[in-house]
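Below is one structure, written out as structure tokens; the observations come after it.
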Protein chains: 2
Amino acid sequence: MDSLDDRKAAVLRAVVEEYIETAQPVGSGHVAGRPDVGVSPATVRNEMAALERDGYLAQPHTSAGRVPTDKGYRFFVDQLTRLGPLGPSERLQVKEFFAQAHGELEQMLHDTSRLLSELTSYAAVVVGPPAEAATIRSVQLVGLSPRVALAVTVLSNGAVHKHTFEWNEDVGEERLGAATARLSGVLVGSTMRSAQPPPPSGDALLDSMVDQVATALRAAVSEESDQVFVGGTARMAAAFDAVETVRSVLDTLEHQYVVVSLLRDVVDRGLSVAIGSEHGFQPLAECAVIVAPYGRQGERSGTIGVLGPTRMNYPQALAAVAVVSQRLGSRLDEG
Amino acid sequence: MDSLDDRKAAVLRAVVEEYIETAQPVGSGHVAGRPDVGVSPATVRNEMAALERDGYLAQPHTSAGRVPTDKGYRFFVDQLTRLGPLGPSERLQVKEFFAQAHGELEQMLHDTSRLLSELTSYAAVVVGPPAEAATIRSVQLVGLSPRVALAVTVLSNGAVHKHTFEWNEDVGEERLGAATARLSGVLVGSTMRSAQPPPPSGDALLDSMVDQVATALRAAVSEESDQVFVGGTARMAAAFDAVETVRSVLDTLEHQYVVVSLLRDVVDRGLSVAIGSEHGFQPLAECAVIVAPYGRQGERSGTIGVLGPTRMNYPQALAAVAVVSQRLGSRLDEG
DNA sequence: CTTGGCAGTCGGTACAATCGAGTGCCAGAC
DNA sequence: GTCTGGCACTCGATTGTACCGACTGCCAAG
């Protein structure tokens, strides 16, 4: 099933590589012309017919060349692609990027998405670390108006969460201070998920405030979707020729929640590449995604990915994703 | 110069409206067929020839109909467009949106950009309120590791700023607390711009910490660009037929800084519409932007805008922008 | 000043012929 | 048996031609 004799594999590789480069159906003549396939066009034709029977290739119409199917791409990335190194200029670009990367996590992740899209010429997605894992470093209630306050939570990974609260009566500065103290006592050091309100104090309003905030924090973890940074969407305009495809892909990229769950789904299935129908998401049927987790100290913190047409340059994109995820991880370890 | 006799105006209006609807060059026959132009095609031809001489219309090629120029659109929006009311369904959509809008400012602005893009079928931009105007409500230094701390600043408008700082020696919790106290004393109540460090304390490290943070906050106002939310980029794919145009527009929209300065520039010139070459930004030469400031208590806090092809539906888009900016402003006043 | 008429322009479409890239199959060579 | 050259065939793309139709500009008559 997933094994092909050497010559079939060589033909398939040739078709995929040629098609990735030219975006044109490739015929037996072109394949036979390649140095690594030392046979005549006629023989290639026979092999191609067999590959088509087995579902690796397809023909747009009679008298046209062959085009790889999703299955064909799958075999290509699984069996025919060694994770090549990046080109020298790309390598330099990555190096310089991480050498001068600094500042806030968000800013860096945002810039990373741009880097990745420049390296691959496709759209890139960077998903930030989830909040659940981090512990709370600080909780503070800041009054904005007599009845409105902002709860600012600082997590150990440097992320800051904020939530506004409104009450029906004026709460006063001293109550805010007391609530801050009580919340700090209980929450600092624990994770958002395990946030539990402290025991009652006797002051009903104060207790209700503390309870609201603690509850909201717990809810925030499940509700609040992870931060997502998408870069290089403009490149999708050139990647497909059908306007409708472009529109639907861009539309999908705007719905960050969808993108995140797609990536998560692929990662959970242990894949690093999902091609066309494999991810089962109709609007992106003509797309392939390459994902990789990144993390500090060996554990996963987030995911990066690139999204391109199924005929994307897999070797290059795989290399770029691998390098960036690895460098990003070690960059996070540092500071 | 900017005045046209009634019949020329009617012809121009007809051409613009027809072209907006059909995207096809419009000929004398179509114009003459409209009820508000009671003359024969021949007369219309004469008028159109005059309008072309004066630069309001252009001909893609001989034997084709006429197309409005930027100047033609300009006259149309200035003289021929009354700010009509929104359609009932749009009106309802806006009403429902603001009725259920809640939560964080960022979230609301983000959703507003989506609303505006749905109302107009073009891309929408929402620029958040600038930080300079707001006063500081709270400053807090939170230690993340022995040498790294996060300065969290809460502004009176509910915005939260964060900046990481790293020192060469361990600072310790008590110094962070002292620094927080000193900073709070000086900064709370003032604006970011006027942030000034307090007098020296005698502790060199502490003073340097305080100084760094105060300086950084002052710098943040000028450096940190305003928050921008862009929605409906996918709609640009359908708005232009040239792929290259789509790519360049999307590319521009990804560079938020460029978008913000474009909007700001238009607003500063007192315009509400900039058509094609008027904004002088080459990559968007085929685009028109409609902008409107929104604000609480009468003063400006931010800007909203829509970006579409020069042949956009101006009456509808103008109405949508006007309504949304007004509703958004009053929504901010409430909470 | 308006209008109907008319000659002229020119892009878009429809159609046929042709071209060429590619295929499948088969018979012969190695 | 496997490979290969040859051949007939298919079918999309290109080219050329003719034509149609939607325009315009101009002019002379109302």
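Sequence lines set the chain letters: A, B, ... in the order given, protein chains first and strands last, and positions in each chain run from 1. Atoms considered below: every heavy atom in the structure, side chains included; atoms not considered: hydrogens, waters and symmetry mates.
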TODO: Name all residues meeting the salt bridge (charged side-chain N to carboxylate O under 4.0 Å, His left out) criterion together with A:Glu254; count only those two or more places apart in sequence or in a different chain, and write none if there are none.
DONE: none
Open item on the list: Regarding A:Arg7 and A:Asp5, does a basic nitrogen lie under 4.0 Å from an acidic carboxylate oxygen?
Closed with: no
Open item on the list: Going by the rule side chain to side chain donor-acceptor pair (under 3.5 Å), which residues pair with B:Asp268 if we only count those two or more places apart in sequence or in a different chain?
Closed with: none
Open item on the list: Distance check needed: D:dT24 P versus B:Arg53 CZ, whole Å only.
Closed with: 14 Å
Open item on the list: Measure CD/A:Gln59 against P/D:dC9 and give the value in whole Å, please.
Closed with: 18 Å
Below 3.5 Å is the cut-off: list the nitrogen or oxygen pairs between protein and nucleotides 11-15 of chain D, distance only.
residue : atom : partner : partner atom : Å
D:dC11  : O4'  : A:Ser63 : OG           : 3.1
D:dC11  : O2   : A:Ser63 : OG           : 3.3

Open item on the list: What is the separation between atom CG on B:Asn46 and atom P on D:dT24, rounded to the nearest whole Å?
Closed with: 11 Å
TODO: With sequence neighbours excluded, tell me which residues meet ring-ring contact (aromatic ring centres under 6.0 Å, His included) with A:Tyr122.
DONE: none
Open item on the list: Using the salt bridge (charged side-chain N to carboxylate O under 4.0 Å, His left out) criterion, which residues pair with A:Arg74? Sequence neighbours excluded.
Closed with: A:Asp78, A:Glu278
- [ ] Please list, by residue number, the residues of residues 12-43 of chain B whose heavy atoms come closer than 4.0 Å to an atom of DNA chain C; answer none if no residue qualifies.
- [x] B:Val39, B:Ser40, B:Ala42, B:Thr43
- [ ] Report the residues that fulfil ring-ring contact (aromatic ring centres under 6.0 Å, His included) with A:Tyr314, sequence neighbours left out, ordered by chain and then residue number.
- [x] A:Tyr73
- [ ] Extract, from 5' to 3' on DNA chain C, the first and final nucleotides lying under 4.0 angstrom from some heavy atom of chain B.
- [x] C:dT2 to C:dG11
Task: Set of side chain to side chain donor-acceptor pair (under 3.5 Å) partners for A:Arg264, sequence neighbours left out - done: A:Asp226
TODO: Taking side chain to side chain donor-acceptor pair (under 3.5 Å) as the test, write out the residues that go with B:Thr303, two or more places apart.
DONE: none
TODO: Can you run down the side chain to side chain donor-acceptor pair (under 3.5 Å) pairs that involve residues 58-69 of chain A, sequence neighbours left out, and say none if there aren't any?
DONE: A:Glu52-A:Arg66
Task: For A:Arg13, salt bridge (charged side-chain N to carboxylate O under 4.0 Å, His left out) partners two or more places apart - done: A:Glu17
Task: Distance test, side-chain N/O of A:Arg45 to OP1/OP2 of D:dC3, below 4.0 Å - done: no
